[in-house]
Amino acid sequence: MNLPPHLSIQNHHLMIDGCDTVELAFDYGTPLYVTDETRIRDNFRGYVAALSAHYSHIRVLYAAKANGNLNIIKILAEEGAGADVFSSGELHMALLAGMKPEHLLFNGSSKTEADHRLAVEKGVRVSLDSLDELAQLDRIAGEAGKVAQISFRVNPAIDVPTHPKIATGLATSKFGIPAAEIADAYAAALACKNVVPVGIHCHIGSQILEIEPFAKEAQVMMEVVEELHRMGVKFKFIDLGGGLGVAYDHHGPDAPSFASYANAVMPVCTSVLGRLGISPEIWIEPGRSMVCDSTVLLTKVNSVKKAHKTFVNVDAGFNLLIRPAMYDSYHEVLVANRADEKPAGTYTVTGPICETGDILAHDRELPDVVASDLIAVLDAGAYGYSMASQYNGRGRCAEVLVRKGQAELMRRAETIADLMANLVTPSWLS
């Protein structure tokens with residue numbers, strides 16, 4: 001198995017940025033998410049360096065949906081990141097973390113009136129998804145006596161090699177306005193009194209491991225930009241979205257590098273911008289590739305059962321990491337307390353949830369696993385805790401942040417009291 005540079009094995013134990021995962025599990029209990037701060041910073045800086053090699057006006061917006069822990073957003077705010085936010089909650093978190101309103105984009109196809117009012121109040125730009133939404137935002141901004149800066153989300157009708165549930169730029173997707181109709185949307189926006197178009201936005205999907213779709217998206221976007229420029233739209237930003245995938249299988253090829261992504265999309269953009277004589281910011285909004293490999297999920301073995309196959313029953317299930325059950329996703333797993341031992345058998349790692357689909361890893365070659373061993377699930381930093389639930393009455397687990405051998409709690413585990421905290425008893429049940 002090819003481990004990333006922030007993971008290593010010392011004295012048979014899996015280490016993350018100088019911290020022993022076995023000791024972390026003992027100190028904080030399991031299940032436990034462990035995140036490496038340095039890895040997140042390195043990923044951000046890698047994106048910035050790759051993009052800046054082509055063009056000086058770039059902005060990296062973190063897709064907050066990937067992992068919404070406030071501390072992670074603070075780390076990225078310190079690095080100069082903005083954020084792609086998909087709810088009022090994510091918007092509040094980004095501002096609380098110290099991100100500037102002008103570095104945020106409020107995205108989404110079904111925003112509420114309260115969402116629009118908050119964006120107008122805070123001076124956050126909005127990515128509009130329909131003409132209906134344009135009319136609503138124009139009215140709300142007018143009532144507030146303000147002018148809202150907006151973009152429209154373009155649907156480029158590009159088929160991408162990823163799971164259909166996370167392909168967002170298909171012609172059949174619920175997101176965006178078809179590229180052929182986008183000029184009419186901008187004409188309507190230019191006619192509004194309380195809205196001004198300053199950008200354009202696109203996102204084609206997630207976990208994409210080929211570069212060609214991104215280059216195609218950039219080509220579609222820049223053709224639209226050229227048309228809109230002739231109409232009089234004055235661009236402050238062009239948002240190409242995110243979606244660059246990660247290599248969950250550590251026995252296979254690497255994912256495309258940040259440099260290969262930048263080399264494919266940036267020349268398409270800069271050639272058109274140079275011809276038009278304009279220099280708006282180029283925005284991208286990575287999520288998964290920013291935080292995924294920063295985090296491992298540690299889970300204790302409760303028991304081992306031999307049936308038609310050998311099951312390793314652990315204390316984390318799809319209540320904490322739903323990706324394998326929801327998308328049939330692959331995550332590497334290893335025995336963290338015996339990380340360098342050779343495989344002794346084939347095991348299926350299963351969680352404690354009362355669902356047949358509660359399987360974290362099918363048919364893996366592992367050392368001779370026994371009760372009380374510690375399993376590490378790799379690449380759990382994106383869409384792990386952020387999609388977790390309290391299903392089966394199980395509180396969500398703690399999260400720990402590590403940095404160069406130091407470890408501290410960044411979210412405590414939920415208790416039974418937390419499960420009950422929001423409940424209110426109707427009077428007839430008192």
Side-chain angles (χ1 to χ4, degrees), residues 1-7 17 36-63 66-67 72 75-76 78-84 103 156 158 160-162 166 168-169 201-222 225 237-274 279-295 332 378-379 381-382:
M1 184 185 301
N2 301 314
L3 292 177
H6 61 296
L7 299 181
D17 199 18
D36 178 4
E37 175 181 334
T38 303
R39 186 61 173 177
I40 294 174
R41 293 185 187 273
D42 287 346
N43 286 339
F44 177 85
R45 294 170 187 176
Y47 263 119
V48 171
L51 296 165
S52 298
H54 295 270
Y55 186 66
S56 58
H57 305 297
I58 64 102
R59 177 77 54 192
V60 177
L61 277 63
Y62 169 56
N67 189 322
I72 288 174
I75 291 166
L76 290 164
E78 287 181 1
E79 293 290 329
D84 158 49
H103 296 164
I158 294 175
V160 295
T162 190
I166 50 176
T168 59
H201 178 216
C202 188
H203 182 73
I204 59 174
S206 186
Q207 186 51 14
I208 301 170
L209 293 170
E210 297 177 11
I211 291 299
E212 188 271 338
F214 296 110
K216 185 182 297 185
E217 174 207 11
Q219 184 64 48
V220 172
M221 284 283 280
M222 296 315 295
V225 165
F237 70 90
I238 297 166
D239 188 340
L240 300 176
L244 187 62
V246 301
Y248 286 98
D249 185 345
H250 288 252
H251 297 88
D254 292 335
S257 67
F258 302 150
S260 64
Y261 168 82
N263 292 343
V265 303
M266 292 305 294
V268 177
C269 298
T270 55
S271 63
V272 173
L273 296 179
S279 54
E281 287 189 338
I282 299 294
W283 289 5
I284 65 167
E285 48 189 54
R288 185 190 311 271
S289 55
M290 190 76 74
V291 297
C292 183
D293 68 357
S294 71
T295 302
E332 294 286 5
L378 305 190
D379 302 310

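Looking at heavy atoms from C-beta onward, Gln207 lies in side-chain contact with Val246 at the 4.5 angstrom threshold. Using a 4.5 Å heavy-atom cutoff, the side chains of Leu273 and Ile282 are in contact. Side-chain contact between His6 and Asp42: absent, with no pair of heavy atoms (C-beta onward) separated by less than 4.5 Å. Contact check for Phe258 versus Asn43: side-chain heavy atoms found under the 4.5 Å cut-off. A 4.5 Å side-chain heavy-atom check between Met1 and Leu378 finds at least one atom pair inside the cut-off. By the 4.5 Å heavy-atom criterion applied to side chains, Ile211 and Leu244 are counted as neighbours. At least one side-chain heavy atom of Tyr47 sits less than 4.5 Å from a side-chain heavy atom of Pro286. You'll find the side chain of Tyr261 reaches within 4.5 Å of the side chain of Leu240, heavy atoms only.
Summarising the geometry, atom CD belonging to Glu78 is positioned 11.5 Å from atom CD1 belonging to Ile40; distances are rounded to the nearest 0.5 Å. In this structure, Glu217 CD and Cys202 SG are separated by 4.0 Å, a value rounded to the nearest 0.5 Å. Atom-to-atom distance recorded for Ile238:CD1 and Ile58:CD1 is 13.5 Å, nearest 0.5 angstrom. To the nearest 0.5 angstrom, Phe237 atom CZ is 8.0 Å from His201 atom NE2. Note that CD of Glu210 is 10.0 Å distant from NZ of Lys216, once rounded to the nearest 0.5 Å. Summarising the geometry, atom CG belonging to Asp293 is positioned 11.5 Å from atom CG belonging to Leu3; distances are rounded to the nearest 0.5 Å.
At a threshold of 4.0 Å, the pair Asp17-Arg39 does not count as salt-bridged, since none of the basic side-chain nitrogens sits closer than that to a carboxylate oxygen.
Taking every heavy atom of both residues into account, Ala255 and Leu209 meet most closely at CB-CD2, 3.8 Å. Contact record, Ala63 with Gly287: CB-CA, 3.7 Å, taken as the closest heavy-atom pair. Nearest heavy atoms, Ile208 versus Pro213: CG2-CG, 4.3 Å. Heavy-atom minimum distance, Ala215 versus Ala264: CB-O, 4.0 Å. The two residues Tyr55 and Pro280 come nearest to each other via the heavy atoms OH-O, 2.6 Å. In this structure, Met221 and Asp239 approach most closely via the heavy-atom pair CE-O, 3.4 Å.
Applying the ring pair (Phe, Tyr, Trp, His ring centres under 6.0 Å) criterion to His54, with sequence neighbours excluded, gives no partner residue. Remark: Asp84 engages Lys65 in a salt bridge (charged side-chain N to carboxylate O under 4.0 Å, His left out) (not counting sequence neighbours). Every salt bridge (charged side-chain N to carboxylate O under 4.0 Å, His left out) that Arg45 has, sequence neighbours left out, goes to Glu79.
At least one donor-acceptor pair under 3.5 Å links the side chain of Ser271 to the backbone N or O of Val268. Proximity of a side-chain donor or acceptor of Asn2 to a complementary backbone N or O of His250 within less than 3.5 Å is detected. A donor-acceptor pair is defined here as one N or O able to donate and one able to accept, closer than 3.5 Å; such a pair exists between the side chain of His203 and the backbone of Gly242.
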